[in-house]
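Notes follow the structure.
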Amino acid sequence: MDNFNSIEIELDNFTGPLDLLLQLLKKHKLEISDVSISEITEKYSEILKKMQERKLEVAGDYFVMASTLMLMKAKSLIPREKEAFEEMKEELLFKLEEYEKITRQAEVLSVFLDKRNRMWRRGFKEDFALKDKGVFVQENGGYVLGNLYSLLIKRLKAIEPEIVKRARYTMKQVVSHIYEVFKDKKKVRFYEIVKGRDKSFIVFSFSSVLELIKESVLKGVQTSTFSEIILIKSRNYSYKNRDKVISRYE
Amino acid sequence: MNKNGLKKIIEAILFSADSPVTIKEIVSFLNVEKDSVEQVLTQLKEEYSNRGVHLVAIAGGYQFLTSPDVYNYVASFHKRGTRNSFSKAALETLAIIAYRQPVTAQEIAALRGVQSVSQILRNLLEKNLIKIAGRKDVVGRPALYKTTKTFLETFGLNSLEDLPSLEELGVEE
């Protein structure tokens, strides 16, 4: 797929600045070894500029590469910096070559995965792509436990006692907040909704979530007792018609 | 135990398991010669090679898996759609870990030319595809990542040696 010709240049099409550079080289049919730094700097900056014009959020990684390229270009113009330039160039080319190997290896994995994905095992256990089931504690036991522990600590922080004042929220506010949270997301952890909020907000959110689950606006998944609650949009969720639902709560 | 009896037992054990069973497990459970188990497995593999279910050497063991030829029928009969898929960035990260393990997060980030890979690593850890296997003896003692048995199962590999080398891929080292 040519990621450049489409009007929609999306950074999502690239896994990072090296990927973008490599695909640029491929597009212009350049070998890594005989690339002209000034040419590639220009093309690279052009793309970043285009993306900024379209107000796309460009990750810092891409700017780091842009400034490296520009520094190289500058050095290449100063005779006494020639050696430094050559060194930088060599390093960049080495990185690109290494990265190209990785893309080849990733392709290999992808081929293996496709083949394996065409076979089913007995019992039809869901793949992890489909399930929101918990992690099986296998070789990762330590990591899983560590994760649970940090979750616990986080939760304790979230519910640190506080003198309860009169309710500062209404169900309406909270439900509409939940709608906003889900606007661009399919799946949200309960803690994302209440992050940084006080106890009464948590209580309101929890009962609102229960209501919304009852109304099939959301679905709730929990991998085990007391584990994190994961909320998924359900069939009755509609951001457009949110006011109808919100107005029902007082 | 005669040969035929052994074959029946091994076939049934493999049939009833939903994850790969290793030769070692069979040998130690049935207390039989490794050679005869291997023979039976080779025979079973051969016998099933033309069936709707294959006996596949995977993740260091053996497992019955449906034949790729009939994938569509099985998937649509059981109403299964998408299967395990990975973003390009996740595949790259897995490739780095699979080929160069053990590696640190920083090494992975440097190879991919990005600042941080912690989000991807967390995802892969949660899916049990990678694990932390010790710490590197440098400042900060960063975690070293390795692939897991689940990784082999997910990608249909018997062992890491199944991964073709760069040379085999036609790339100069």
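All heavy atoms count here, side chains included; hydrogens, waters and symmetry mates do not. Quantities reported herein were computed from a predicted structural model and do not represent experimental measurements. In the text below, chain A, chain B and the rest are named by the order of the sequence lines, each starting its count at 1.
Atom CG of A:Leu109 sits about 10.5 Å away from atom CD1 of B:Ile96, to the nearest 0.5 Å. A:Lys101 NZ to B:Leu169 CG: the interatomic distance, rounded to the nearest 0.5 Å, is 11.5 Å. In this structure, CE on A:Met119 lies 10.5 Å from CG on B:Asp69, to the nearest 0.5 angstrom.
Residue B:Thr93 does not touch chain A at all, counting heavy-atom pairs closer than 4.5 Å. In this structure, chain A has a heavy atom under 4.5 Å from the side chain of B:Gln63, while its backbone stays farther away. Heavy atoms of B:Ala143 lying under 4.5 Å from chain A are absent altogether. For A:Val64, the part lying under 4.5 angstrom from a heavy atom of chain B is the side chain only.
For B:Asn50, the CG atom counts as loosely surrounded, since its 6.0 Å shell holds 12 or fewer non-hydrogen atoms of other residues, nucleotides or ligands. Residue-environment remark: NZ (A:Lys95) stays at or below the threshold of 12 foreign heavy atoms within 6.0 Å. In A:Lys219, the NZ atom is not crowded: 12 or fewer heavy atoms of neighbouring residues, nucleotides or ligands sit closer than 6.0 Å. By the 6.0 Å contact criterion, NZ on A:Lys233 is enclosed, its count of non-hydrogen atoms from other residues, nucleotides or ligands being greater than 12. The number of heavy atoms from other shown groups lying within 6.0 Å of CD (B:Glu47) is above 12. Within a 6.0 Å sphere centred on CD of A:Glu86, other residues, nucleotides and ligands contribute more than 12 heavy atoms. The 12-atom threshold is exceeded at OH of A:Tyr239, counting heavy atoms of other residues, nucleotides or ligands nearer than 6.0 Å.
B:Thr66 places a side-chain N or O within donor-acceptor distance of the main-chain N or O of A:Trp120, the cut-off being under 3.5 Å. Between the side chain of A:Arg104 and the main chain of B:Leu166, no donor-acceptor pair closer than 3.5 Å is present. Panel note: side chain A:Arg121, backbone B:Leu65; no donor-acceptor pair is recorded below 3.5 Å.
Contact check for B:Leu152 versus A:Phe112: no side-chain heavy atoms found under the 4.5 Å cut-off. Counting heavy atoms from C-beta outward, B:Phe86 and A:Leu113 have side chains that approach closer than 4.5 Å.
No other option in B:Ala90, B:Gly156, B:Pro68 has as many heavy-atom pairs under 4.5 Å with chain A as B:Pro68. Among A:Leu21, A:Leu18, A:Ile102, the residue with the largest count of heavy-atom pairs under 4.5 Å with chain B is A:Ile102.
Both tests do not hold together for A:Arg122 against B:Phe64: distance to the six-membered ring centre under 6.0 Å, angle to the ring axis within 45°.
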### Task
Walk me through it: do B:Tyr99 and A:Val108 pass the test side-chain contact (heavy atoms from CB on, under 4.5 Å)?
CA-CA 11 Å; B:Tyr99 273 93; A:Val108 169; 4.0 Å; yes

### Query
Is there a side-chain contact (heavy atoms from CB on, under 4.5 Å) between A:Asn117 and B:Phe155 once you walk through the steps?
CA-CA 8 Å; A:Asn117 273 350; B:Phe155 284 81; over 6 Å; no

### Message
Does A:Arg116 form a side-chain contact (heavy atoms from CB on, under 4.5 Å) with B:Leu157? I'd like the steps, not just the answer.
### Response
CA-CA 9 Å; A:Arg116 173 62 183 84; B:Leu157 298 159; over 6 Å; no

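Across every non-hydrogen atom of A:Thr15 and B:Val114, the tightest pair is O-CG1, 3.9 Å. Looking at every heavy atom in both residues, B:Gly113 comes nearest to A:Pro17 through O-CG, 3.1 Å.
Salt bridge status for A:Asp19 with B:Arg112: absent, with no side-chain N to carboxylate O gap under 4.0 Å. Salt bridge annotation for B:Arg100-A:Glu98: present, with a cationic side-chain nitrogen under 4.0 angstrom from a carboxylate oxygen.
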